[in-house]
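Just passing along the structure, written as structure tokens.
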Amino acid sequence: MAPWPVLTTITFLPLIGALLILLFVRGDEQKRSVVLAQQIALWTSLLTFVVSLTILHYFDASQSGFQLTEKHVWIPSFNIAYYKGIDGISIWFVLISTLLTPICVLSAIGGVHKRTKEFMIALLTLETMMIGMFTALDFVLFYLFFEGVLIPMFLIIGVWGGAGRIYAAYKFFLYTFLGSVLMLVAIFAMVYHVGTTDMTAMMGNKFPKDMAIWLWLAFFASFAVKTPMWPFHTWLPYAHVEAPTAGSVILAAVLLKMGGYGLIRISIQMLPTASAYFAPLVFTLSLIAIVYTSLVALVQTDMKKLIAYSSVAHMGFVTLGIFSMNQQGLDGAMLVMISHAFVSGALFLCVGVVYDRLHTREIARYSNMADNMPRYALVFMIFTLASIGLPGTSGFVGEFLSLQGAYLANSWLAFVGGLGVILGAAYMLWLYRRLFYGPDVKDDVRLLPDLNAREYCMFVPLIVLVFWLGVHPATFINVFAPTTDKILADYHQAAGSERTP
Amino acid sequence: MNFTSLYTAFPEISLAVFAMLMLIYGVVRGERSAQTVGIASFVAVLSIMIFVLKLGFIYSPGFPKLHISAGCYGCYAFDYMFIDDAFARFVKVILLCGSALSIILSWTYLKKENLSHPEYPILILFATLGMLLMVSANDLLALYVGLELQSLSLYVLAAYNRDNAKSSESGLKYFVLGALSSGLLLYGISLIYGYTGVTKFTSLSKLFIDMHQPPIGVLFGLVFICAGLAFKVSAVPFHMWTPDVYEGAPTPVTAFFAAAPKVAALAVLARLLIVPFGSLAHQWGQIIVFISVASMLLGSFAGLVQSSIKRLMAYSSIANVGYALVGIIVGGTAGMQALLIYVAIYFINTLGVFAVILSLRRKGKSLDRIVDFSGLAKTNPLLALTMVIFMFSLAGVPPLAGFFGKYFIFLAAVKAGMMPLAIIGVLTSVVSAYYYLRIIKLMYFDDGINIFDPLPEFGLRIVLAISALYMIVFTIWPAPIIDQALIAAHSLTGG
């Protein structure tokens with residue numbers, strides 16, 4: 001146990017930074033105030049990251065339950081509590097959020113040139129919402145943060161986005177809002193059935209089969225949009241393309257994981273029978289997502305769109321792994337999510353690097369950049385290979401395990417899923433070839449400067465993590481394995497099925 | 001003559017005396033007295049609010065149930081014509097608070113538009129008095145008298161800018177349709193009286209519980225009463241006046257309309273349907289379900305195509321009444337509590353929006369088209385930020401207070417087994433989110449640079465700050481209001 005409320009601290013530290021900027025930074029467009037806002041945002045998010053590392057110290061990785069819990073009375077007459085805690089699953093999402101926010105601040109320092117002060121406020125508020133959501137153990141608190149994410153993200157896309165930002169922002173907001181309100185109705189029904197909003201109490205509860213099926217569908221409406229799963233993914237390419245770099249990074253690295261996290265935490269842990277019932281549906285959608293979106297990615301002419309579609313494909317591996325309901329699948333899904341956070345975040349940062357210089361994301365505008373930007377080419381190569389899933393990089397372990405899990409569930413799943421790996425290599429390598437090699441060199445591309453110090457600071461931690469996860473995944477697996485074991489044991493007990501080894 | 005009645009009705013009596021004194025003072029001093037009367041009225045309303053708050057609100061965290069019988073619970077006055085229970089007090093605090101804030105809101109506006117006359121605050125005082133009497137009425141006639149006092153003051157207020165054709169039109173429209181609805185209400189009351197011989201809520205309630213099948217005349221009366229009150233809360237299909245009156249009336253008057261009379265009418269409808277007609281729930285249930293669903297749908301969809309911000313707020317208020325009515329349909333303590341929480345959040349949210357509208361001026365001229373918000377975030381970031389808070393709160397997006405209003409309403413609906421109602425409610429709230437987002441889009445996403453007058457003077461700033469902070473503080477510390485609403489709901493349902 002931590003001697004101090006560590007989760008509350010890391011949840012609200014960024015918000016304090018946002019308030020500081022709001023209250024003390026005057027004059028929006030002056031150079032001095034812009035720098036001050038950037039500094040406050042950078043140091044707050046770094047401080048949050050450092051503080052969040054202490055949870056690794058306090059966290060007992062051999063335990064499976066919720067730890068570092070904090071519980072306070074909030075709305076006594078409705079039995080709603082301010083209840084926070086983490087287990088082996090959520091701890092990684094918290095750390096991903098705290099790690100990526102300072103990187104996004106760094107990226108925004110170079111990429112956001114208007115209303116910097118407001119951007120930093122939105123980014124820090126977003127961090128509070130994300131951490132709050134991953135640490136919430138009370139349904140009202142969970143929903144509060146889950147939905148609260150929409151406000152800063154809507155503004156980030158809409159204010160600092162590209163030409164089609166308004167349509168993208170609306171689509172993002174209304175799509176996810178629609179999914180979430182259906183989830184809200186399901187939460188009402190569960191709260192009424194169980195009599196408390198405590199999420200841990202829901203996990204041990206058995207819902208009647210008919211009810212569980214409806215509840216599962218309502219939650220699925222929200223998580224399938226958030227993850228996103230085919231055919232609910234159509235908001236994602238727009239949102240990614242139009243969002244500023246920092247927004248895309250957060251969106252890909254953290255916001256998509258909310259869907260995967262929700263599927264594990266709520267669909268699997270609270271509604272196991274319905275999850276078993278709907279597993280074939282999820283498998284089908286995942287396979288379609290993997291193959292279809294990979295094919296779509298092949299024909300994209302916009303870098304960000306290509307990476308956005310590749311995200312949908314990767315999240316297909318996640319849902320495949322989660323619903324194969326075995327050790328390999330679930331651990332694989334967790335690893336894919338962690339790896340995807342680093343890799344897709346980094347790839348969007350890579351796009352941001354050249355976008356800041358040339359203000360276009362069109363693949364055809366670039367060529368032969370390996371010549372004049374060798375360091376950039378190297379960094380891009382590392383993340384391309386990680387995205388493909390080359391052994392030794394983070395992408396490999398997760399994809400391998402989730403496909404193995406899928407194989408144990410049904411060999412056809414692994415076969416079709418395997419196609420996605422091949423297609424993934426195809427579109428990523430082709431993208432790489434078009435960007436970094438090729439005959440026709442444009443003059444303005446030739447003159448692009450290579451990575452600067454700020455950009456190194458963004459990439460180095462991610463490169464280290466990509467290799468760390470690829471070479472020694474046990475660091476990560478050991479922390480979440482007891483939890484996933486427990487989840488699977490509970491699941492198979494509840495669903496009444498035999499446990500596959 | 002029983003003097004305890006005077007104590008029970010002390011807030012109303014003192015308000016009436018004060019309003020009449022102000023009237024005399026205004027007549028004697030003439031136009032010069034406008035400012036004094038305004039400030040004095042504000043202070044008076046505020047002190048009466050504090051009085052009601054002190055008198056009836058027993059806050060203890062944890063178990064509010066233990067304290068329900070404490071204080072002046074269920075005090076009757078004037079031979080059971082008047083009731084002063086926790087429900088009435090809860091609503092009265094909202095009404096007085098709404099009136100006080102409306103008086104502040106109007107100061108600059110009236111001065112700038114050359115409308116500053118002493119009648120204005122006095123009319124608000126009389127309207128407030130009428131509303132207080134309405135929510136404390138325990139008798140159909142007392143209810144009617146309060147309602148009429150309120151309505152007549154409001155008709156005059158709507159036409160207050162008499163040199164303006166739109167304002168006169170809205171006043172006239174409001175008067176004609178309002179008189180019609182009052183007529184319907186009175187006709188319903190007379191039918192009820194004719195078939196039962198009593199007008200007291202408590203007697204009616206006893207009568208109907210024993211009655212196996214109510215006479216057809218009573219049912220007709222009930223329908224007329226529902227129709228009359230549906231007009232007052234501007235629920236579909238009796239909503240037609242709302243957009244026109246909202247648009248035509250001077251903006252601070254619209255703010256007042258949106259905040260106080262609507263809450264009073266909802267409270268009266270709730271008391272009527274739960275106390276005297278509680279045992280006829282299966283009769284009025286269908287009517288209220290229909291008007292609730294129709295209001296949610298129409299308010300959400302019709303708002304999509306508006307170009308005037310005041311008309312937009314009118315449709316938004318129609319949709320919000322639809323949500324609030326869900327609380328009445330659910331009934332019982334849970335439904336009433338949800339309704340009270342809802343109005344306690346809604347009235348201040350809508351006042352905040354109108355404070356923003358009132359602050360929006362260009363070269364001294366007030367603006368009321370939605371596109372006028374374009375570029376506000378650049379020239380006036382703080383005002384834009386407060387508007388964002390109000391808009392997201394109205395859309396029901398957490399972590400702002402508006403979310404909790406909807407949360408408790410739909411939670412109560414699901415608990416009562418009214419799943420379809422909850423689903424329609426959340427889906428229409430997604431539709432209406434679109435028009436709230438549109439204002440944010442105009443303020444933040446559009447690149448056009450528009451010059452706005454600098455932030456308004458002290459009064460408006462206070463209202464803006466209070467209402468925006470309320471939207472956030474409620475989330476952090478909601479227990480006092482939620483517990484008080486529970487006590488108030490208990491006092492109504494007796495459960």
Q. Does any heavy atom of chain B fall under 4.5 Å from the side chain of Val73(A), the backbone, both, or neither of them?
A.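 For Val73(A), there is no contact with chain B at all, as no heavy atom is under 4.5 Å.
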
Q) Is any residue of residues 123-142 of chain A within less than 4.5 Å of chain B by heavy atoms, and which ones? A)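 So the qualifying residues are Met129(A), Val140(A).
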
Q.
Check the orientation of Phe404(B) and Trp74(A). Use parallel for under 30°, tilted for 30 to 60°, and perpendicular for over 60°.
A.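 Judged by the thresholds at 30° and 60°, the geometry between Phe404(B) and Trp74(A) is perpendicular.
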
**Q.** Pairs meeting criterion side-chain hydrogen bond (donor to acceptor under 3.5 Å, both in side chains) with involvement of residues 174-190 of chain A, two or more places apart
**A.**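 Listed by first then second residue: Glu147(A)-Ser180(A), Tyr175(A)-Thr234(A).
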
Q) Side chains of Val397(B) and Met391(B): closer than 4.5 Å at any heavy-atom pair? A)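 Not in contact.
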
Q) Side chain, backbone, both or neither: which part of Tyr434(B) has a non-hydrogen atom closer than 4.5 Å to chain A? A)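 Answer is both: backbone and side chain atoms of Tyr434(B) are under 4.5 Å from chain A.
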
Q: Using non-hydrogen atoms and a 4.5 Å limit, figure out which bit of Phe410(B) sits close to chain A: side chain, backbone, both or neither.
A: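 Contact with chain A: backbone and side chain both.
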
Q) Does the ring center of Phe78(A) lie less than 6.0 Å from the ring center of Phe408(B)? A)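 Ring-ring flag for Phe78(A)/Phe408(B): true, centres closer than 6.0 Å.
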
**Q.** Side-chain heavy atoms of Phe146(A) within contact of Met183(A), under 4.5 Å
**A.**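 Yes; the side chains approach each other to less than 4.5 Å.
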
Q) Has Lys71(A) got its NZ or CZ under 6.0 Å from the middle of the six-membered ring of Tyr83(A), at an angle within 45 degrees of the ring axis? A)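 The answer is yes, since Lys71(A) meets both limits relative to Tyr83(A).
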
Q. Is chain B contacted by the side chain of Phe177(A), its backbone, both, or neither, given a heavy-atom distance below 4.5 Å?
A.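 Its backbone and side chain both get close to chain B.
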
(Q) Is Ile476(B) close to chain A through its backbone or its side chain, or both, or neither, when contacts mean heavy atoms under 4.5 Å? (A)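 For Ile476(B), the backbone is the part near chain A, not the side chain.
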
(Q) Taking every non-hydrogen pair under 4.5 Å, which of Ile440(B), Val426(B), Val431(B), Leu385(B) racks up the most with chain A? (A)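 Between Ile440(B), Val426(B), Val431(B), Leu385(B), the count favours Val426(B).
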
Q.
Can you tell me which portion of Tyr407(B) sits under 4.5 Å from chain A's heavy atoms? Options are side chain, backbone, both or neither.
A.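 Contact with chain A is through both the backbone and side chain of Tyr407(B).
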
(Q) Please confirm whether the ring centroid of Phe403(B) lies under 6.0 Å from the ring centroid of Tyr143(A). (A)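 Ring centres of Tyr143(A) and Phe403(B) closer than 6.0 Å.
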
Q) Is there a donor-acceptor pair closer than 3.5 Å between any side-chain N or O of Arg165(A) and the backbone N or O of Phe445(B)? A)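 Looks like yes, one N/O pair under 3.5 Å.
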
Q. Heavy-atom distance under 4.5 Å between the side chains of Lys31(A) and Val35(A), does that happen here?
A.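 With C-beta onward as the side chain, the pair touches.
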
Q) Less than 6.0 Å separating the ring centroids of Phe172(A) and Phe154(A)? A)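 No.
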
**Q.** Heavy-atom contact with chain A under 4.5 Å, split by part of Tyr444(B)
**A.**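 For Tyr444(B), heavy atoms of backbone and side chain both lie under 4.5 Å from chain A.
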
Q: Return the orientation label for the Trp160(A) and Phe119(A) ring planes: parallel under 30°, perpendicular over 60°, tilted otherwise.
A: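 Perpendicular.
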
Q: Examine whether an atom of Ala412(B) lies under 4.5 Å from a heavy atom of chain A, and if so say whether it belongs to the side chain, the backbone or both; otherwise answer neither.
A: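 For Ala412(B), neither part sits under 4.5 Å from chain A.
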
Q. Measuring heavy-atom distances to chain B, does Ala218(A) have an atom under 4.5 Å in its side chain, in its backbone, in both, or in neither?
A.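 It is neither, since no heavy atom gets under 4.5 Å.
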
Q. Who wins among Leu184(A), Leu155(A), Ile187(A), Ile151(A) for the most heavy-atom pairs under 4.5 Å with chain B?
A.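 Answer, by heavy-atom pair count under 4.5 Å with chain B: Ile151(A).
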
Q: Give the member of Val414(B), Leu382(B), Leu437(B) that has the highest number of heavy-atom pairs under 4.5 Å with chain A.
A: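 Counting heavy-atom pairs under 4.5 Å, the top option is Leu437(B).
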
Q.
I'd like to know which of Ile482(B), Leu400(B), Asp446(B) tops the heavy-atom pair count under 4.5 Å against chain A.
A.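 It is Ile482(B).
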
Q. Taking atom types as modelled and ignoring hydrogens, do the side chains of Thr8(A) and Tyr82(A) form a donor-acceptor contact shorter than 3.5 angstrom?
A.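 The criterion, which ignores hydrogens and geometry beyond distance, is satisfied for Tyr82(A) and Thr8(A).
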
